[in-house]
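To start, the structure under review is shown below, and the notes come after it.
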There are 2 protein chains.
Amino acid sequence: MRVKMGGGYMDYATAKRINQLLTTVYGDIVRVEELALRTSQFKDISIKEVHAVDAISMYEHKTTSQVARELRITPGTLTTMVNHLVRKDYVQRIKSDDDRRFVRLGLTRRGRLVYRAHESFHRKMVESFAKDMDDEQLQIIEKALLNLEAFLEFASPTPDR
Amino acid sequence: MRVKMGGGYMDYATAKRINQLLTTVYGDIVRVEELALRTSQFKDISIKEVHAVDAISMYEHKTTSQVARELRITPGTLTTMVNHLVRKDYVQRIKSDDDRRFVRLGLTRRGRLVYRAHESFHRKMVESFAKDMDDEQLQIIEKALLNLEAFLEFASPTPDR
DNA sequence: CATTAATACTTTGAACATCAAGCTATATAT
DNA sequence: ATATATAGCTTGATGTTCAAAGTATTAATG
């Protein structure tokens, strides 16, 4: 059986497999990240907290609201997370001196270690993903993912960041 | 800057964009699904519960353990979810008569409605994803996703189902 | 056949992630 | 000076999850 797909037609089984892959891949990434953490020196940090560390990032001092928007959580939720991450010495709060309402976030030495480990995992992952593919093939993949984003954006417009 | 990628090389910016897409797409899917639920007649069911309904599925009566394995949650967690889903009339428990330890799970009329709606969303999503692509291009995409799965499998072997 | 093992599921208690709503501190507008 | 707006924080409630202990049923063993 073949399903209509815009210009072309798509094998029904292929559609099923791709759907399956798309919906399981993220969970698998998270599972591997979790396992990596449990067997590393960073046993006191959850994967969500690592993603917060990643969003806080190394090279600028974003505000709490900025980071919360990126992570798509409320500022209140991020405050709680940051409380924990400060207590566990991954993150530091830096008060802005120009406007003292803002809290800017930065990584500690320990936080930078986690950041780099996480970055490295994702680099390896994408390398693996794109293994044996040339530029043209990568463009096809990116196009497909952008189609998907466009569909989702159409289904539920997001507020600008 | 170009990064070594198996056979070829990959533009660094492309690697970053693809990584970004891969890691945000799942969250975006879930967000759209959540929104669809909130604006439908099914306001009393969460997206995780819908995924349980999806795993329970229409055409066979799987056991609790089987479904829990598919969802990668413990049987205890699924029991709790099923309690809620039974109370809200999406799922029914069916006692096996041959071996009375097993509980087989099935969907109610209401559960089947949700199942079909969810199925339809995913069908449209994959159609959109594969829009304007021919069989060859789809094969490239599937190959890439399978590479990724292989990498993740290597990083953390999963027990067979 | 009675007892022990194993299996399938359920319950319970604790941890974490999350949000909404109300709160504090600071800055801006009137 | 006062009111309004902004940024972040605290709190209480909800949902998801697991590990561990508990119950029911079946299979294995002496």
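Each chain gets a letter, A, B and so on, in the order the sequences are listed, and its residues count up from 1. Computed from a predicted model, the values in this text were never measured in an experiment.
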inquiry  = Quick check on C/dA5: syn or anti? Syn means the glycosidic torsion is within 90 degrees of zero.
reply    = syn

So which protein N/O to nucleotides 14-18 of chain D N/O distances come out below 3.5 Å?
{"unit_1": "D/dT16", "atom_1": "OP1", "unit_2": "B/Ser46", "atom_2": "OG", "d": "2.6"}
{"unit_1": "D/dT17", "atom_1": "OP1", "unit_2": "B/Lys48", "atom_2": "NZ", "d": "3.4"}
{"unit_1": "D/dC18", "atom_1": "OP2", "unit_2": "B/Thr74", "atom_2": "N", "d": "3.0"}
{"unit_1": "D/dC18", "atom_1": "OP2", "unit_2": "B/Thr74", "atom_2": "OG1", "d": "3.3"}
{"unit_1": "D/dC18", "atom_1": "OP2", "unit_2": "B/Thr77", "atom_2": "OG1", "d": "2.8"}

note = Within residues 60-68 of chain B, those residues having any heavy atom closer than 4.0 Å to DNA chain C are B/Thr63, B/Thr64, B/Ser65

query = Just one of B/Thr79, B/Thr80, B/Thr74 clears the side chain to side chain donor-acceptor pair (under 3.5 Å) bar with B/Thr77, so which one?
reply = B/Thr74

ask   = With sequence neighbours left out, which residue pairs that include part of residues 102-117 of chain A fulfil the salt bridge (charged side-chain N to carboxylate O under 4.0 Å, His left out) condition?
value = A/Asp44-A/Arg110

request  = Indicate, with a heavy-atom threshold strictly under 4.0 Å, whether A/Pro75 touches base, sugar-phosphate, or nothing.
outcome  = nothing

ask   = With sequence neighbours excluded, what pairs up with B/Arg17 under the salt bridge (charged side-chain N to carboxylate O under 4.0 Å, His left out) test?
value = A/Glu142

query = Is there a residue in residues 92-102 of chain A whose heavy atoms reach under 4.0 Å of DNA chain C, and which residues are they?
reply = A/Asp98, A/Asp99, A/Arg100, A/Arg101

ask   = Of B/Ile140, B/Leu21, B/Leu145, B/Leu22, which is the lone residue that meets side-chain contact (heavy atoms from CB on, under 4.5 Å) with A/Ile141?
value = B/Ile140

ask   = Nucleotide range of DNA chain C contacted by chain B, 5' to 3', under 4.0 Å to a heavy atom?
value = C/dA6 to C/dT11

key: side chain to side chain contact (heavy atoms under 4.5 Å, CB included) assessment of A/Leu37 paired with A/Ile47   = CA-CA 8 Å; A/Leu37 281 178; A/Ile47 191 60; 4.3 Å; yes

query = Any idea how B/Tyr59 and B/Tyr115 line up, ring-wise: parallel (<30°), tilted (30 to 60°), or perpendicular (>60°)?
reply = perpendicular

key: Set of side-chain hydrogen bond (donor to acceptor under 3.5 Å, both in side chains) partners for A/Thr108, sequence neighbours left out   = none

A/Met125 vs A/Ile29 side-chain heavy atoms within contact, under 4.5 Å = yes

inquiry  = Once side-chain hydrogen bond (donor to acceptor under 3.5 Å, both in side chains) is applied, do any residues pair with A/Arg100, and if so which ones, sequence neighbours excluded?
reply    = none

remark   = Axis-to-axis angle across the helix from C/dA6-D/dT25 to C/dT30-D/dA1, five pairs each end, nearest 10 degrees, ~ 20°

key: Qualifying residues under salt bridge (charged side-chain N to carboxylate O under 4.0 Å, His left out), relative to B/Glu49, sequence neighbours excluded   = B/Lys88

key: Check: B/Glu33/B/His122 side-chain N/O donor and acceptor closer than 3.5 Å   = yes

task = Please list all pairs passing the salt bridge (charged side-chain N to carboxylate O under 4.0 Å, His left out) test where one or both residues lie in residues 54-64 of chain A, with sequence neighbours left out.
result = A/Lys62-A/Glu70

For A/Glu34, side-chain hydrogen bond (donor to acceptor under 3.5 Å, both in side chains) partners two or more places apart = A/Arg38

ask   = Roughly, in whole Å, what's the span from CZ in A/Arg104 to C1' in D/dT6?
value = 14 Å

note = Looking only at heavy atoms, the pair that brings B/Ala155 and A/Leu35 closest together is O-CD2, 4.1 Å

ask   = How are the rings of B/Tyr26 and A/Tyr26 set to each other: parallel, tilted or perpendicular (split at 30° and 60°)?
value = parallel

